[in-house]
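What follows is a short report on a single structure.
All ligand and atom numbering here is 1-based and tracks the order in the structure. Count residues from 1 along the sequence.
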Amino acid sequence: MASERKALPVIHKTRCTGCGWCVGVCPPHVLSLEVEHWQKSAQLHDAPGCTGCAKCAVKCPFDAITMVRVTDEAPHL
Ligand code: SF4
Ligand code: SF4
C-alpha cells in the first residue's frame with residue numbers, strides 16, 4: 001500500500017503582508033488571518049482540512065507560500 005501524500009502550505013511570515021488573497025482563494029477555508037505583534041499574517045488553522053491544491057501559493061502576490069510535501073504516515077524504519 002502506498003502511503004498517501006499531499007502538500008501543505010508553509011507561510012513565510014517575513015514575506016507575508018497580510019493581504020488576505022490566499023484566505024479568499026482557499027476552497028475549504030482553512031486559511032485565516034491572524035494578528036501577532038501588530039502584524040497581520042496568514043495562518044493555516046486546519047491542516048487536516050487542507051487539500052494541498054496549492055491555490056493559495058499560486059495566488060500569493062508576495063511569494064510568501066511554499067508548498068511542502070508531507071506524508072500522512074510516519075516512515076517505518
Ligand atoms: S493548498 Fe489549497 S486547501 Fe490548502 S490552504 Fe492552500 S488553497 Fe487552501
Ligand atoms: S496572499 Fe501571501 S501575502 Fe497575502 S496574506 Fe496570503 S500569504 Fe500573506
*Please report the closest heavy-atom contact between Ala54 and Met67, naming both atoms and the distance.*
CB-CG, 3.7 Å

*Report yes or no: do Val10 and Trp21 belong to one cluster of Ile/Leu/Val/Met/Phe/Trp/Tyr joined by side chain heavy-atom distances under 4.5 Å?*
no

*Taking heavy atoms and a distance under 4.0 Å, where does Thr51 meet ligand 1: side chain, backbone, both or neither?*
both

*Can you list, by chain and residue number, the protein N, O or S atoms under 2.8 Å from atom 8 (Fe) of ligand 2?*
Cys16 SG

*Is Pro9 touching ligand 1 with its side chain, its backbone, both, or neither, if touching means heavy atoms under 4.0 Å apart?*
side chain

_Separation between CD of Gln39 and CG of Leu33, rounded to the nearest 0.5 Å_ = 11.5 Å

*Can you list the ligand 1 atoms lying under 4.0 Å from a non-hydrogen atom of Cys53?*
1 (S), 2 (Fe), 3 (S), 7 (S)

*How far does CG of Leu8 sit from OG1 of Thr66, to the nearest 0.5 angstrom?*
12.5 Å

*List every atom of ligand 1 that sits less than 4.0 Å from any heavy atom of Cys26, numbering the atoms from 1 in the order shown and giving each element.*
3 (S), 5 (S), 7 (S), 8 (Fe)

*Is there a heavy atom of His29 sitting under 4.0 angstrom from any atom of ligand 1?*
no

*Nearest 0.5 Å please: distance from the NZ atom of Lys40 over to the OG1 atom of Thr17.*
9.5 Å

*Just how far is it from atom NE2 of His12 to atom CG of Asp63, taken to the nearest 0.5 Å?*
8.0 Å

*Where do Thr51 and Pro28 come nearest, in terms of heavy atoms and distance?*
CG2-CG, 4.3 Å

*For ligand 1, which atoms, with element, lie under 4.0 Å from some heavy atom of Pro28?*
3 (S)

*Indicate, as side chain, backbone, both or neither, the part of Ala57 found under 4.0 angstrom from ligand 1 when only non-hydrogen atoms are considered.*
neither

*Taking atom NZ of Lys13 as the centre, does the number of heavy atoms from other residues, nucleotides or ligands within less than 6.0 Å exceed 12?*
yes

_To the closest 0.5 Å, what do you measure between CD1 (Ile11) and SG (Cys22)?_
6.0 Å

_Lys6 side-chain N/O to Cys50 backbone N/O, donor-acceptor pair under 3.5 Å_ = yes

*asked:* If the cut-off is 4.0 Å to any non-hydrogen atom of Met67, which atoms of ligand 1 fall inside it?
replied: 1 (S)

